[in-house]
Every structure is written in C-alpha cells, then in structure tokens.
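In this text the structure is predicted, and so the values were computed from the model without any measurement.
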Amino acid sequence: MAALSKSIPHNCYEIGHTWHPSCRVSFLQITWGALEESLKIYAPLYLIAAVLRKRKLEYYLYKLLPEILQSASFLTANGALYITFFCVLRKILGKFYSWTPGFGAALPASYVAILIERKSRRGLLTIYMANLVLLFCITAAMYMFFFRCKDGLKGFTFSALRFIVGKEEIPTHSYSPETAYSKVEQKRETHSRKPRGMNLIALVRTLVDSICKHGPRHRCCKHYEDNCISYCIKGFIRMFSVGYLIQCCLRIPSAFRHLFTEPSRLLSLFYNKENFQLGAFLGSFVSIYKGTSCFLRWIRNLDDELHAIVAGFLAGVSMMFYKSTTISMYLASKLVETMYFKGIEAGKVPYFPQADTIIYSISTAICFHAAVMEVQNLRPSYWKFLLRLTKGKFALMNRKALDVFGTGASREFHNFIPRLDPRYTIVTPELPIDFS
C-alpha cells in the first residue's frame, strides 16, 4: 500500500506529453497520428475480408467505408482518450500516484473506446499467455470440433472455416454419394467442352492430377472428386496461394511509397519471407487437418466429429511457420466468447451484460500500465504496436521520474531524460545527458 500512496508533484507535461507543454495540442497530435495508423490497419483488413467473404456490390458502396471508419475511430479513441484521461486525472488529483499514469488513465479510455466499436467485434480479450503454439493447437482443436458439430458455429466464423478447410469436412453435407457422383460427371463433361488453355493454374492442376490419379479414397470421405492424397495436396496449394496473396496485398501500400525513391523494393512485394510464411501456415494447417481426418476415417472406418479435435490439434502445429500473437490471442478470445454464449444458451452459465466490454477495458488497462511503468514485462509486439499508433510518442514519457514507484520504469530507456521547458514545469527539470 505504501507504493500506491506514494506520489510525485510533476504535472502532465513533465511526465506524459513531454514533446509539447499544451494538453490540447498533444491531444490533437496523438489523435491525428492514431487515426492515420488506424486507417492503414483497418482499410486493407476490411477490404481483404470483404473479398474473401464474396460481398456484393452494395456492401462496397454503402457499408465498407462506414465499418472501416468505425473500427478506425475505436482504435484512435484508445490512444486519444488515454492522453485525455492522463491529463484530467492529474488536474483532479493534483499529483501523480503509481496507478494514475497507466491503469488509471487507460481503464476509462479503453471502456469508452470499445463502446465505439461494433458489438460483433467486441471479443473477450485476455492477458498474454506463455506458449503460443500450444495455445493455438488447443484453440484450433476446439474450433474444428465446433465446426463439425451441428449448430456448433455460426456467422463469419463458420463461413471462414468452411472457406479454409472446405465444405467436404462438414458432416451435415447435403450431397448423397449418388448426387455427388452425377455432379462430378457433369463437371467433367463441362471441362471437356472448354478449350484447353495451358495457363499456370491448368499446368499445376494437371501435374497434381497426374501424381494422385490412382490414389485411394475411403468410402466415408466426402471429397468425391479427389482421392485422399490429391485432396490434401490441393488443399495445401489453394490456401498457400491465398496466404501468399494476402501478405502481398498488405505490403502494397508500403511498397508503392518507395516506388520512385527505391524501385528495387518492389521486388520485396513478391519475394518476401513473410509472404511465404503466411502461405506455409495456412497451407500446412489445411493439409494437416485434412490428412489427419482422412487417416482417422481409414483406421476407424467411420466419420466422427471427435476426429476434428485430433486433426485440429495437430494442424495447430502449423503456427510454427507464422508465429503471430495477434492471431493466436484473437482466436483464443473468440473461442472463450463462443463457449461462454453456448453456456448461456444451455442454461449453465449466467449472463453478465457488457462482460466483453469490461474484460476488454481491464485487459487493455493492464497492458497500458505495463507500457508506462514496466515495459520490460510487455510483449515486444504490443510495444511496437503502441509506438506505431502514437508515432513514437509513447517512448517520450519521462519514465525517469516514475522510478520512484519502484517498478524500474526507465530500465529499458537507458536513462532517457526529455528536454523540458522550465517555464511550464513544477519540478526543476533534470538536464539531459550529453554523450557527445
């Protein structure tokens, strides 16, 4: 309690917005920078999602831009309202306590910001976990189990998984073997009437078919057009291509900024390690899942929903190709949300209004507090994200003055001391060290 009651008399300029003495100007600078970065994040994200979900023209004309602006406003508000409450708390309390620069300012800011975001996107957020790949394996296992259960998943999650792994893995498949066979024959006749243009896709398809032409297919498998071997190979090629193209699209804005100054950087748009890593992640996830599912059907001679748990867990190992904390944590939080609402539907779990909003606010406040008071305990990826959102201004806080609270706030900043104007300070500012 001694640390909580300890305080320092500095004003918000001396601790927080050290680059400018005006709270109003600092707020506008943070807001503009956060808005610019938020649009860079959400614009390609929503556009790619719309393409993958095969949205109609009306969505692009009337809904795409409002949804981008709404999510960008939410992220912008997180940064802008943080600096607002940072200054407001200082003016109300007259000093800084150990909890005010981080948790105290971030909690109300995060709560107000999440109310701006669409309800469907307010997932239950949790604090960072230790083993990323294991977490993803468990998450993938449960997702694939719910995917194969009747009414297990709905909406975008179900559509996304159906796009990734294919409708053949849904046990409630509407095709009977006879109907599927007739459709295959019709498709073959249609292909036979088409001109044989030998483009790259046709060559790859021909190569795969020639390799796997005489492979086996179990009677319980619903991929009637392919045997089990070609089914897995085609799944890998398809999702590898999707992952590669997604990563290329995400790199287009940064590549074209250097079109005239560094034309050679355009090559990195196509030959970049991250492009292949995302492709390998998606491709291997699908092929491992499909391969394991087929294998279990062969050895057990039946198609069981429980197969999805084993196949999903093994497919989760694909995270080694693309270790993303964002993907793993988001999917884990959405899984918790799915299980929570299923528990409510079953009458096993009580319903708490605004539970997602409260948990998000507390989780974000904890992360912000760590970013201010003990950045050494924060994940590097989240710290880089905060720097990007604030145009580097989060690193300009006077953490040297916060060392009095005993958290080692300035440990990672090599005794950085901001250049403060004495006319606007309460405590005589310490002169920055000149190492020249």
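With no hydrogens or angles considered, a side-chain donor-acceptor pair links Tyr59 and Glu67 at under 3.5 Å. Between the side chains of Tyr46 and Ser71, at least one donor N or O sits under 3.5 Å from an acceptor N or O. Gln29 and Trp19 share a side-chain donor-acceptor pair at under 3.5 Å.
Contact of the Leu389 side chain with the Ser38 side chain is registered, since non-hydrogen atoms from C-beta on lie closer than 4.5 Å. Looking only at side-chain heavy atoms (C-beta outward), Phe236 and Leu282 stay at 4.5 Å or farther from each other. No side-chain heavy atom of Leu396 sits less than 4.5 Å from a side-chain heavy atom of Pro418. Side-chain atoms of Val427 and Pro9, non-hydrogen and from C-beta on, do get closer than 4.5 Å to each other. At a threshold of 4.5 Å between non-hydrogen side-chain atoms, the residues Leu278 and Val242 do not count as touching. Looking at heavy atoms from C-beta onward, Leu69 lies out of side-chain contact with Tyr42 at the 4.5 angstrom threshold. In this structure, the side chains of Ile8 and Leu402 come closer than 4.5 Å at one or more pairs of heavy atoms. Counting heavy atoms from C-beta outward, Cys23 and His17 have side chains that approach closer than 4.5 Å.
Using a 4.0 Å cut-off between a side-chain N of Lys or Arg and a carboxylate O of Asp or Glu, Lys222 and Asp303 qualify as a salt bridge. Using a cut-off of 4.0 Å between Lys/Arg side-chain N and Asp/Glu carboxylate O, Glu37 and Lys391 are scored as salt-bridged.
A distance below 6.0 Å separates the ring centres of Phe96 and Phe86. Taking the six-membered ring wherever Trp is involved, the centroid distance between the rings of Tyr244 and Phe276 falls below 6.0 Å.
The distance from the CD1 atom of Ile288 to the OG atom of Ser318 is 5.5 Å, given to the nearest 0.5 Å. Atoms OG and CZ, on Ser410 and Arg399 in that order, are 9.5 Å from each other to the nearest 0.5 Å. The OG1 atom of Thr84 lies 10.0 Å from the CD1 atom of Ile30; values are rounded to the nearest 0.5 Å. Annotation: the span from Cys294 atom SG to Ile229 atom CD1 amounts to 10.0 Å, rounded to 0.5 Å. Summarising the geometry, atom CE belonging to Met144 is positioned 14.0 Å from atom NE2 belonging to His307; distances are rounded to the nearest 0.5 Å. With rounding to the nearest 0.5 Å, the separation of CE in Met397 from CD1 in Ile15 is 7.5 Å.
The backbone N or O of Tyr289 sits nowhere less than 3.5 Å from a side-chain atom of Thr292 that would complete a donor-acceptor pair. Proximity of a side-chain donor or acceptor of Tyr143 to a complementary backbone N or O of Gly312 within less than 3.5 Å is not detected. Between the side chain of Arg148 and the backbone N or O of Ile309 there is no donor-acceptor pair closer than 3.5 Å. Looking at Asp403, its side chain does come within 3.5 Å of a backbone N or O of Ala409 through a donor-acceptor pair. A donor-acceptor contact shorter than 3.5 Å is absent between the side chain of Thr100 and the backbone of Gly104. Side chain of Asn11 to backbone of Glu14: a donor-acceptor contact under 3.5 angstrom is found.
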* Would Val375 and Phe413 count as a side chain to side chain contact (heavy atoms under 4.5 Å, CB included) if you check the C-alpha gap in whole Å, the side-chain angles of each, and the deciding distance to 0.1 Å? -> CA-CA 9 Å; Val375 73; Phe413 296 88; 3.5 Å; yes

* **Evaluation steps, side chain to side chain contact (heavy atoms under 4.5 Å, CB included), between Phe147 and Arg162** => CA-CA 8 Å; Phe147 173 68; Arg162 182 175 60 182; 4.2 Å; yes

* Asked: Where do Arg388 and Trp383 land on the side chain to side chain contact (heavy atoms under 4.5 Å, CB included) test, with the steps shown first?
  -> CA-CA 9 Å; Arg388 178 183 174 186; Trp383 173 241; over 6 Å; no

* side chain to side chain contact (heavy atoms under 4.5 Å, CB included) assessment of Lys6 paired with Phe405 -> CA-CA 7 Å; Lys6 190 179 294 186; Phe405 297 116; 4.2 Å; yes

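The minimum heavy-atom distance between Ser284 and Ser287, with the atom names listed, is O-OG, 3.2 Å. Across every non-hydrogen atom of Leu296 and Val310, the tightest pair is CD1-CB, 4.1 Å. Contact record, Leu378 with Ala371: CD2-CB, 3.8 Å, taken as the closest heavy-atom pair. Among all heavy-atom pairs drawn from Ile116 and Gln70, the shortest one is O-NE2, 2.9 Å. The shortest heavy-atom contact between Tyr322 and Gln247 is OH-OE1, 3.5 Å. Taking all atoms of both residues into account, the shortest heavy-atom contact from Ser7 to Lys95 is OG-CD, 3.2 Å.
Partners of Arg55 by salt bridge (Lys or Arg N to Asp or Glu O under 4.0 Å), not counting sequence neighbours: none found. Looking at residues two or more places apart in sequence or on another chain, you find no side chain to side chain donor-acceptor pair (under 3.5 Å) involving Asn398.
Taking the ring axis of Phe146 as reference, the NZ or CZ atom of Lys342 stays within 45° of it and closer than 6.0 Å to the ring centre.
Counted within 6.0 Å of CZ on Phe321, heavy atoms from surrounding residues, nucleotides or ligands total 12 or fewer; the atom is thus considered open. The number of heavy-atom neighbours closer than 6.0 Å to CZ of Phe163, taken from other residues, nucleotides and ligands shown, is above 12.
For the ring-ring contact (aromatic ring centres under 6.0 Å, His included) with Phe368, the lone residue among Phe85, Phe385, Tyr82 that qualifies is Tyr82.
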